[in-house]
Amino acid sequence: MKRIVVLGAGFAGLWSAIGAARKLEELHVSRDDVEVVVINKYPFHNIRVRNYEEHLEETIVPLSEVFDPVGVRWIEGDVSDIDLDGKAVVIETPTGRTWQSYDRLVFALGSKLVRPPIKGLGSYAFDVDTYQGAKRLEAHLAGLASSHAPGRFTALVIGAGLTGVEIAAELPARLRKLAGGGAADVKVILADRTPRIAQEMGEARPVIEHAMAALDVELRASFFLREVDEQGAILTSGERIFASTVIWCGGMQAHPMTELFPVVHDKHGRLPVDSFLRVKGVADVFAAGDAASLLIDGRHETMMSCQHGRPMGRFAGHNVVCDLLGLEMLPLQIDWYTTVLDLGPWGAVYTWGWERQLAAEGMSAKRVKQRINCERIYPPRNGSKADILEAARAEIDAPPKLAGLGKSRRAQTDTAVESVE
């Protein structure tokens, strides 16, 4: 028997495994001849991009629900080492250490939140990087009503990237509910060390500023953190901010196990892959998602997002089977890019292109965001083998449709978005 091992069951890993199962099914290859094995730390797939939301139970998809119907074997365990020469991985499972050999490997362990050595950051700050981190924040927020600390309903969000903006936009309403509906004690601050908040968001930046003002979120640019403690944060200037809730959203770095590969990593620690998702310079290894980097359109590097992680996974799954069996592979190239950013009760903002040209804002953009978050990025959950395999077809998704805009994909009104189909 030959074996394809996929490390991780995030967006890239999940779709790599199902994509491989689909290709094997298409070729009528028996599981006795080639098996697909996924190794994941937890027995579920987390819709990670929804961890900023309030109802976290909706972010969990049991692995058995999607892998069992298509014949993918999965192991609950944490990968602790990779023997590239011996073609095996070491796994720490709930019952002890074991190992798994492979003929082809797909590295899809994703990314982790960057945690600089700031005093108190690891002990007192919260995050929404993982399901476990989001649940820890949820439990903390639930306990605020019984607290008497100064700034008990003040939340400081540090890092104004996409995640920071989204959690900051959600918090005012959540905190008011916890405070019994009163707004007097509720304060949310979105801070970043850059000169302007959301300065890389192009035409969306003024929309974000407007939405934050409407939501009563205070913006603090040129914000330099020195320390976090149980009372809040201390800046390098010596200023203290009393905040019972400090949430760190300080950027992403590829999974540290990418360091095991003898390749030149990019600034995010990612593995260089070719258009077929093969790791350059490493035999029999593919990579996809946040841990891999390629020029997705020949000019721009892939983003650490599900927008690129999902198709990278589908193509990696298809190609790893083809590579194993000596068949022609499919190159991945995507010639479009969008950003749809949730702005809480205010709505959302939708941009087109790498320069982030404004396409839609407000509640019409919110409807697109809800369709993406709640439908588009989920695997089929009806247990149908045919439906699950069909969703893993190695094809490029169409971008969200914008009604009546032609090729420009631009809009000046709030009624531009038609659907995400």
Side-chain angles (χ1 to χ4, degrees), residues 8-16 18-19 45-53 59 61 108-111 128-129 161-166 198 200-204 249 251-252 254 266 268 270 273 275 277 287-318 331-343 348-360 365-379 391-402 409 417 419-421:
F11 289 108
L14 181 99
W15 290 109
S16 292
I18 301 173
H45 168 70
N46 170 224
I47 305 297
R48 186 186 189 188
V49 296
R50 296 188 65 186
N51 284 343
Y52 68 93
E53 296 182 18
T59 73
V61 179
L109 289 176
S111 60
V128 291
D129 182 44
L162 303 185
T163 302
V165 169
E166 290 186 326
E200 296 183 357
M201 284 303 296
E203 294 179 4
C249 302
M252 309 303 297
D266 72 0
H268 301 293
R270 297 185 294 181
V273 298
S275 62
L277 287 308
D290 287 3
S293 175
L294 80 153
L295 298 180
I296 195 67
D297 59 355
R299 295 181 298 135
H300 300 94
E301 290 186 341
T302 48
M303 298 293 287
M304 298 169 86
S305 69
C306 65
Q307 181 175 169
H308 286 160
R310 291 169 61 249
M312 289 173 78
R314 295 197 301 267
F315 275 72
H318 175 99
L332 173 64
Q333 186 171 29
I334 303 175
D335 63 358
W336 61 270
Y337 177 70
T338 64
T339 304
V340 188
L341 185 65
D342 198 347
L343 296 174
V349 61
Y350 179 110
T351 68
W352 177 262
W354 293 93
E355 288 72 34
R356 290 178 166 143
Q357 298 174 321
L358 184 62
K366 182 78 167 187
R367 288 191 289 273
V368 173
K369 183 64 172 178
Q370 290 172 334
R371 289 284 299 277
I372 291 172
N373 271 18
C374 302
E375 298 177 32
R376 184 178 174 107
I377 60 178
Y378 275 77
R393 182 184 295 273
E395 294 181 349
I396 304 302
D397 295 327
K401 291 181 180 179
L402 300 177
R409 306 302 207 278
V417 178
S419 73
V420 297
E421 292 295 311

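Computed from a predicted structure; not experimentally measured. FYI, side chains are in, hydrogens and waters are out, and symmetry mates aren't considered; it's all heavy atoms of this structure. In this chain, numbering begins with 1 at the start of the sequence shown.
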Rounded to the nearest 0.5 angstrom, the CD1-CG distance for Ile47 and Asn373 is 9.0 Å
Under a 3.5 Å distance rule, please check whether Arg314 uses its side chain to pair with a backbone N or O of Ala392 as donor and acceptor. no
By ring-ring contact (aromatic ring centres under 6.0 Å, His included), Trp336 pairs with (sequence neighbours left out) none
Taken to the nearest 0.5 Å, the spacing of Phe315 CZ from Gln333 CD works out to 10.5 Å
What verdict does the side chain to side chain contact (heavy atoms under 4.5 Å, CB included) test give for Asp129 and Asn51, after you've listed the backbone C-alpha separation in whole Å, the side-chain angles of each residue and the deciding distance to 0.1 Å? CA-CA 7 Å; Asp129 182 44; Asn51 284 343; over 6 Å; no
d(Glu203 CD, Arg356 CZ) to nearest 0.5 Å is 12.0 Å
All heavy atoms of Ala365 vs all of Ala348, minimum pair found to be CB-O, 3.5 Å
Determine whether a donor-acceptor pair (N or O, by modelled atom type, separation under 3.5 Å) exists between the side chain of Arg270 and the backbone of Thr302.
yes
So Trp15 and Pro311, do their side chains get closer than 4.5 Å, heavy atoms only?
no
In this structure, CD1 of Ile377 is separated from CG of Leu14 (nearest 0.5 Å) by 11.5 Å
message = Before you tell me yes or no, could you show the steps for Thr163 and Met252 under side chain to side chain contact (heavy atoms under 4.5 Å, CB included), namely the whole-Å CA-CA distance, both residues' side-chain angles and the distance that decides it to 0.1 Å?
response = CA-CA 11 Å; Thr163 302; Met252 309 303 297; over 6 Å; no
| query | Any side-chain heavy-atom pair from Arg48 and Ser111 closer than 4.5 angstrom? | reply | yes
(request) State, with a plain yes or no, whether a side-chain heavy atom of Met312 is found less than 4.5 Å away from one of Leu294. (result) yes
* Heavy atoms, side chains only, cut-off 4.5 Å: are His308 and Tyr337 in contact? -> yes
OG1 (Thr339) and CH2 (Trp354) are apart, to the nearest 0.5 Å, by 8.5 Å
Residue set satisfying ring-ring contact (aromatic ring centres under 6.0 Å, His included) with His318, at least two apart, ordered chain then number -> none
#### Entry: CA sep, side-chain torsions, deciding dist, call: Asp342, Arg50, salt bridge (charged side-chain N to carboxylate O under 4.0 Å, His left out)
CA-CA 10 Å; Asp342 198 347; Arg50 296 188 65 186; over 6 Å; no
From the list Asp397, Asp297, Ile296, side chain to side chain contact (heavy atoms under 4.5 Å, CB included) with Ile334 holds only for Ile296
Rounded to the nearest 0.5 angstrom, the CD-CE distance for Glu301 and Met303 is 10.0 Å
